[in-house]
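Please read the structure below before turning to the comments.
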Amino acid sequence: MLDFIYYPVSWILWVWHKVFGSFLGADNGFAWALSVMFLVFTLRAILYYPFVKQVRTTRQMQELQPQIKALQKKYANDRQRMATEMQKLQKEHGFNPLMGCLPVLLQAPVFIGLFHVLRSFNRTGNGFGQIGMTIEQNANTPNYVFSASEVQSFLDARLFGAPIAAAITTPKSQLIAYGLPIPTVLNIAAVAVPLMLIASIATHFNSRASVARQSEAAAANPQAAIMNKLSLWIFPLGVLVGGPFLMIAILLYWVSNNIWTYAQQHIVFRRIDAEEEEKKAKALERRAENAPKPGAKPVKRKGAAQAAADSSSDPDAASVQDESSAAGSSTTAESSGPGQKPKPGARPAGNRGKNTKRKR
């Protein structure tokens with residue numbers, strides 16, 4: 001049903017196993033462990049730009065928080081109008097809430113795919129999702145892109161004496177499929193418990209770094225406060241509580257994911273901070289260029305009414321204006337000479353002259 005997820009995940013894992021197995025050995029536990037870790041790194045590298053978009057979206061949402069609160073207060077009794085105004089605000093600022101959760105949504109199928117592929121290396125159990133194969137059938141059955149010999153290689157691999165597909169709670173009947181020497185719960189716990197602690201602590205510090213970058217307004221939001229508490233304390237605690245039920249490879253996935261997140265957060269946040277500082281510096285430069293120089297009076301632009309008032313108060317400008325208007329009148333009179341008929345509705349030239357003398 002989900003083969004479109006299982007095959008790509010198993011193929012990436014197969015490629016990295018070929019790389020590390022070429023110099024560490026195909027049956028080496030570190031080759032398989034590094035294959036799982038670099039599967040995570042490959043996925044996170046693909047999701048780098050969606051992660052950057054997620055950070056920008058989160059920061060933009062924090063900046064829009066005052067406007068969002070104002071809309072919620074204004075349209076508290078009109079849900080439909082509030083939703084319309086929210087969409088309008090988001091469209092004006094190019095804000096897409098889906099980008100804030102896109103990386104998490106894309107990582108979830110990979111986590112499910114990795115869990116299923118690793119679990120399918122040992123199909124001797126009879127629990128939920130298990131086929132109940134015999135040890136011989138399991139060793140001779142391929143697992144997606146992995147051949148039967150590569151399945152046996154995985155079963156023989158050990159990481160400090162523990163199979164990476166085993167969990168602390170794995171039944172003894174399934175541990176027999178890993179061959180001799182049969183791993184014990186103590187062997188598995190010796191590897192799984194340190195990974196659980198590292199994954200839990202790393203989850204807490206990554207969440208702490210993310211919460212520290214929230215604005216005061218965003219942190220004061222009740223929903224954000226609940227999510228911050230969940231990410232700071234409940235999620236790390238969940239790793240410790242659920243760790244005994246998780247395969248060592250899944251714990252490696254969790255640790256690797258947190259290592260990448262820690263490094264990526266610092267790189268991306270530093271880059272975005274530098275961009276914002278550059279924008280602020282350019283804004284200050286433009287403001288300094290438009291500001292008047294020290295000691296100089298600011299020049300005010302005159303409107304049309306002020307210009308007309310200035311021209312009427314200046315006698316020289318008024319006389320020049322009268323002369324130009326008189327010259328325009330004489331030019332008009334000359335153009336309509338004795339041999340020319342006056343235009344319809346126009347006064348005769350002689351009458352205009354007489355009227356001018358009367359006025360004077």
Side-chain angles (χ1 to χ4, degrees), residues 5 43-112 203-236 238 257 260-262 264-291 301 303:
I5 295 174
L43 167 70
R44 295 303 301 271
I46 294 171
L47 295 178
Y48 174 77
Y49 286 106
F51 176 80
V52 174
K53 190 68 177 175
Q54 177 194 21
V55 174
R56 294 186 189 278
T57 300
T58 304
R59 184 163 294 192
Q60 194 175 20
M61 186 172 64
Q62 293 176 6
E63 293 173 357
L64 293 176
Q65 202 64 32
Q67 298 180 49
I68 292 172
K69 283 186 176 180
L71 290 175
Q72 290 173 344
K73 186 177 181 180
K74 185 176 181 180
Y75 302 107
N77 299 324
D78 191 348
R79 295 279 182 179
Q80 187 174 358
R81 183 67 186 279
M82 184 193 299
T84 304
E85 293 296 327
M86 287 283 192
Q87 291 177 357
K88 186 178 177 182
L89 179 66
Q90 292 170 4
K91 189 175 180 180
E92 287 176 356
H93 292 83
F95 174 74
N96 187 1
L98 182 63
M99 294 303 299
C101 54
L102 182 61
V104 177
L105 293 176
L106 292 176
Q107 283 185 70
V110 177
F111 179 84
I112 295 169
T203 301
H204 171 77
F205 278 102
N206 280 333
S207 301
R208 190 173 179 179
S210 180
V211 170
R213 300 193 65 84
Q214 291 181 355
S215 63
E216 293 182 3
N221 188 357
Q223 295 179 350
I226 293 172
M227 286 304 300
N228 290 342
K229 289 179 180 179
L230 287 173
S231 60
L232 282 171
W233 307 108
I234 304 301
F235 294 162
N257 196 45
W260 183 280
T261 301
Y262 183 82
Q264 186 173 255
Q265 274 186 347
H266 284 74
I267 293 170
V268 172
F269 287 153
R270 193 178 303 168
R271 175 184 166 188
I272 292 177
D273 288 343
E275 289 177 359
E276 290 188 352
E277 290 296 328
E278 187 177 354
K279 286 180 182 178
K280 289 180 182 178
K282 287 182 179 179
L284 291 173
E285 286 178 6
R286 285 195 299 268
R287 192 179 299 174
E289 288 175 0
N290 296 330
R301 294 184 179 180

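Along the sequence shown, residues are numbered consecutively beginning with 1.
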With sequence neighbours left out, what residues match Tyr48 under side-chain contact (heavy atoms from CB on, under 4.5 Å)? Val52, Gln264, Val268, Arg271
Look at Lys282 together with Glu278 and state whether they make a salt bridge at an N to O cut-off of under 4.0 Å. yes
Using side chain to side chain contact (heavy atoms under 4.5 Å, CB included), reason through Arg44 and Asn257 one step at a time and then give a plain yes or no. CA-CA 8 Å; Arg44 295 303 301 271; Asn257 196 45; 2.6 Å; yes
Distance in Å, Lys53 NZ paired with Leu47 CG, rounded so as to fall on 0.5 Å steps: 15.5 Å
Show, in sequence, the C-alpha distance, side-chain angles and deciding distance for Phe51 and Gln265, and conclude whether the side chain to side chain contact (heavy atoms under 4.5 Å, CB included) test is met. CA-CA 9 Å; Phe51 176 80; Gln265 274 186 347; 4.0 Å; yes
Test side-chain contact (heavy atoms from CB on, under 4.5 Å) applied to Arg79 - qualifying residues, sequence neighbours left out: none
Heavy-atom pair of closest approach, residues Ser231 and Pro236: O-CD, 3.5 Å
Rounded distance (nearest 0.5 Å) linking atom CG of Asn228 with atom OG of Ser210: 8.0 Å
Among Met82, Gln80, Lys74, which residue satisfies the side chain to side chain contact (heavy atoms under 4.5 Å, CB included) criterion with Asp78? Gln80
Determine whether Ile5 and Ile112 make a side-chain contact, defined as any pair of heavy atoms from C-beta on separated by less than 4.5 Å. no
Nearest 0.5 Å, please: how far is CH2 in Trp260 from CG in Leu43? 9.5 Å
Gap separating the OG1 atom of Thr84 from the CG atom of Leu71, nearest 0.5 angstrom: 11.0 Å
Say you draw a straight line from CZ of Phe205 to CG of Leu232; how long is it, rounded to the nearest 0.5 Å? 10.5 Å
Here the gap from Phe235 atom CZ to His204 atom NE2, rounded to the nearest 0.5 Å, amounts to 14.0 Å
